[in-house]
Every structure is written in C-alpha cells, then in structure tokens.
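Numbers restart at 1 for each chain; the letters A, B, ... are given by sequence-line order, proteins then strands. Small disclaimer: the values here were computed from a predicted structure and weren't measured.
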2 protein chains.
Amino acid sequence: MKTIKKYSQIQQYIKKRIQTGVYPINSYLPSENEICEKFNTTRTTVRKALDELLREGFIEKEQGKGSKVIERRKSLGLLTVKGFSGATDYKVKTKLTQAPKITDWDPIIVFGLTREEQKSKCVYFQRIRHINGKPVVLENNWYALNAMEIIKPTEFIEGSFFKTLSQKYFIEIMGAEQELRSIPATAEIAKSLELAEGEPILHISVRFRTSKPGFNLYGDLYCNTSEYPIRNTYFS
Amino acid sequence: MKTIKKYSQIQQYIKKRIQTGVYPINSYLPSENEICEKFNTTRTTVRKALDELLREGFIEKEQGKGSKVIERRKSLGLLTVKGFSGATDYKVKTKLTQAPKITDWDPIIVFGLTREEQKSKCVYFQRIRHINGKPVVLENNWYALNAMEIIKPTEFIEGSFFKTLSQKYFIEIMGAEQELRSIPATAEIAKSLELAEGEPILHISVRFRTSKPGFNLYGDLYCNTSEYPIRNTYFS
DNA sequence: AAGTGGTCTAGACCACGCG
DNA sequence: GCGTGGTCTAGACCACTTT
C-alpha cells in the first residue's frame, strides 16, 4: 500500500474533525456533494468514506437530511470495571507493568492466529488496573508486529491503548470474541492481585477485531471480581 | 420501498444459496463479473450486495482470489457454551427445571428495573443446560408479565427461549448488558451442577434488550467453566 | 422547488494471487 | 499473462425532507 487511498484520506479528515469537535455531536456533516468539491472527487468515493465512518459508529445517515455526527457508543463491547452499587466515587488507575516489547507469541492465546500473524513476531505488554488503590485486573496483551507498529509507553493516552489507537492511528475496535472461565488464583496471579491463592477469579481470553484489516488485539485477563464485577455491554 | 432494490435481490439470492449449501463453506462465489452478467447489472451493484453479505458475516473477500463462503458467526452477542478444544462432538441439552410461572421479582436482579416493570408481576423460569450429560449451566430468567405473555413449556422450540421469541413472536435480541463475577459455588448451586461446594464458578447477571419496546429479559446464570468455557461474541 | 442521501450505469486502471 | 477483487470517474435518476 504505497499510495494512500482517497476515500481513506477523506475518512480520516472527517474523523479528526469529529474527534476535535469541529463537527460537534448532533451536527450534520457537509453534504456529499460539498465534500466531493472539496476533495475534487466523485460521490462514489465520498460515500465509501462515509460508509466507513458509519461502520465505525461516528455518524448516522438520514435520507433527505444529511449525515449526522453521533456520540460513539463508548466502550462498545469493551470490558469495563464497574463499582458494585453504581457508585461513581471510585478511581481507576492503569499501571503499565511491562512496556510494549517484541517477543514470540504466547501459547496461552486460545483464539486461532491467522497465518499472517503466525509469520510475524508479536508485541506484548502488560498492565494492572487498580481501583481505589487496589489491584483488580491483570491484563496481558499481544498483537502482530506486521499488522501494527510498536507503540511506545509515552504514546499511551491516559494509559488507554484503545484511545491511543483511535486518536493517533484512527483505528477503532469493531468487535470481540471472549472466552470466560472461573478459576482459582495461581500463586503468581494471587501475588499480582494481592489476594489469597485459590480464591476464585475471572479469566477472560479475548480477541478484539479492529477496523484495520489483519490487526487483532489479543488479551488474557485475570480479574478479582469479589468487590468489582466486570461489566460488559453490547448492541447489534 | 415499493420496488425491491437490485443489490438486495442479489444479496438474498446468494444468501439463500449459502444457507442451502449450494455454495458450501470454504467455497468461492462466482466472480463479481459473472454475477454482473447473471443479473445484467454492473459491478458497483454487485459489490454493494457482497458488501452486505460481508457485513453479515457470510463471506470474506480475498483480493486476487475471490469471495469465500465462511462459517457464519453464531448468535451475535449471545452466550454460547463452547467445547474446549474446538471439538464439535458435544451435545447440549436444555432441561426446563422450572416451567414459566408468575411470581414476584427476585431481588437478586442487579440491573435496575423500569417503573413499568416494577409495577408488573413477572414470569420466572429456570433451566439447566447439560453438555454430554453433565450439568454445566444453571440459568434463572425473568421478564415482566405486562411486556410479554407467559410462554408455555410446550411452546419452547428446541428448549430455546430466544428461538421461540424469534420464530413465533418475531422478537429479536438487540443487545445485552452483563455483569461477570467469579464466585465459590454455594451448597445449592454445587448440588445442581454436581460439583464440590466452594469450586470456582462463573456468575453472570444479564439484561437482554429486545426489539419489542419495554420487553427485557433478565438472567442470572451459574456456570461450571472447568471443562467448557463460556464464549461470547459481539460485533458492531 | 431545491437539496439531501440512495441506487445504478458503463466504463477505467490498479494490486494481488496463481499458474 | 490472466482473472480476481479494489479503487475511482462522470454521470443519471429516484426517494425523502425541508422551505
């Protein structure tokens, strides 16, 4: 992919303007014909760009009216840690306990890797999420180096990998598959999460699909759910 | 929409042929140009049809090769129990251990009920899912009686509540919220699932949203994940 | 009536996979 | 080299919303 595709340029241009508030939520984008003029192209190409933004959940279209900027369903399908009683007075902090580094794939990954991924080295990093000072989630992540460059710790926006992907690379999470298990904490996990060995913890294996073809993010999570359950929302 | 759109016709035609096995999984569809000829149209229209099938998860495209029929991702967003090693030789049987009956709401439901729901009595039923003869999931369900009539056990299609809703009432599941916890099995749960008290099990509280306004289905599930993890897929 | 998005035509050239 | 899908042009007409 040497030359940047035109529809992709338009898509990124508009996405940036949405993210920076130039096109606020509930406002309408310029009409397709106006965008055509601006980028000196045809409606087919502009519509392709808008279709992508639609798929990514940034806009919705209203026939006869225009393309409307909508609030991107946050944490679409993403796991969120939720205070038990709906209390909002808890603080989540994410510590990067292993900065992104290049390694081999870990056989713990339960989802089948594609051939492209198998051929590649992978990037690994680890984080621990703390709630009100207590470690609650230990999160291991991997992705294929040939699908996505290595992201430096300094690039992380608010400790969030997804936010970094979206705002710096214009990559969105499109979906996920999970496997859930309840297991007794191993000695190692127990130590990281400051609980007793054998305590029941939630093990989540997850594959996130992104809007960048071939780029998947694999996760292996251990959650102490005794105080804070994991919450999970999805809509079709 | 009086006239049926051409791309929609093509889409349905191909979808039916996939579903009936005329185009088997892993085979390739006719090329875009061939489809153009058959339907006497242009590639733009054919590609629109294929894009829809791509979005619906029926095909994937391989540049330079063709459009390949793939296994449709099952039960969008719904929980599925999956054999560990990808083995497909396991049998799931659902036993209705408590037929739908009218009761009061159970305070165990963690998601806030709407005012309409609170005013109503509710329908409760319980099922146990068995895999290869072993009980694996204990599932309690509730819904508001004023949102949906009581469904008799004899109406259940293949033991599936969702299938019944879809096929008899044309109600679809539109989304869900879940809370996940790993807990030790209580004596009661242990007995139902034939395991030792204190074994780690997965507790899922879920609210399913349906296409019928005001009709939510609440679930409280206990899963023995030691052999069969719970799998969970969602896409936007 | 004017403007918007939705569908569709009839081409063109390019990038990729394979023999 | 050939066939495949991927991108793009330059139009046309239709359906819908608003003025």
Please state whether the phosphate of [N], meaning OP1 or OP2, lies under 4.0 angstrom from any side-chain nitrogen or oxygen of [X].
{"X": "Lys5(A)", "N": "dT7(D)", "answer": "yes"}
{"X": "Lys6(A)", "N": "dT9(D)", "answer": "yes"}
{"X": "Lys65(B)", "N": "dC16(C)", "answer": "no"}
{"X": "Tyr7(A)", "N": "dT7(D)", "answer": "yes"}
{"X": "Arg43(B)", "N": "dA10(C)", "answer": "no"}

Among the nucleotides [options], which one has an atom lying closest to any side-chain atom of [X]?
{"X": "Lys48(B)", "options": "dG17(C), dT7(C), dT4(C)", "value": "dT7(C)"}
{"X": "Gln63(B)", "options": "dC8(C), dT4(D), dA15(C)", "value": "dA15(C)"}
{"X": "Glu34(A)", "options": "dG5(C), dG6(D), dT4(C)", "value": "dT4(C)"}

Could you check how far [atom1] of [X] sits from [atom2] of [N], rounded to whole Å?
{"X": "Ile4(B)", "N": "dC14(D)", "atom1": "CD1", "atom2": "C1'", "value": "17 Å"}
{"X": "Glu32(A)", "N": "dC8(C)", "atom1": "CD", "atom2": "P", "value": "15 Å"}
{"X": "Arg47(A)", "N": "dT7(D)", "atom1": "CZ", "atom2": "C1'", "value": "16 Å"}
{"X": "Asp51(A)", "N": "dT7(D)", "atom1": "CG", "atom2": "C1'", "value": "14 Å"}
{"X": "Ile10(B)", "N": "dT9(C)", "atom1": "CD1", "atom2": "C1'", "value": "13 Å"}
{"X": "Gln11(B)", "N": "dC8(C)", "atom1": "CD", "atom2": "P", "value": "11 Å"}
{"X": "Asn33(A)", "N": "dC13(D)", "atom1": "CG", "atom2": "P", "value": "15 Å"}
{"X": "Asn40(B)", "N": "dC8(C)", "atom1": "CG", "atom2": "C1'", "value": "12 Å"}

For this session: Without swapping roles, check the side chain of Thr225(A) against the backbone of Leu202(A) for a donor-acceptor pair under 3.5 Å.
Result: no
Exercise. Parallel, tilted or perpendicular: which fits the ring planes of Phe215(B) and Tyr143(B), with parallel below 30° and perpendicular above 60°?
Worked result: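 Rings of Phe215(B) and Tyr143(B): perpendicular, over 60°.
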Exercise. Across the strands shown, which category fits Thr44(A) at heavy-atom distances under 4.0 angstrom: base, sugar-phosphate, nothing?
Worked result: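 Base, at least one base heavy atom under 4.0 Å.
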Exercise. Reckon Thr42(B) touches a base, only the sugar-phosphate, or nothing at all at heavy-atom distances under 4.0 Å?
Worked result: base
Exercise. In a check of side chain to side chain donor-acceptor pair (under 3.5 Å) between Tyr124(A) and each of Asn140(A), Asn141(A), Thr103(A), which one passes?
Worked result: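 The single option meeting the side chain to side chain donor-acceptor pair (under 3.5 Å) with Tyr124(A) is Asn140(A).
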For this session: Please report the shortest heavy-atom distance between Pro100(B) and Phe156(B), naming the atom on each side.
Result: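 Closest approach of Pro100(B) to Phe156(B), heavy atoms only: CG-CE1, 4.1 Å.
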Exercise. CD of Glu37(B): more than 12 outside heavy atoms within 6.0 angstrom?
Worked result: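 No, the 6.0 Å shell around CD holds no more than 12 heavy atoms from other groups.
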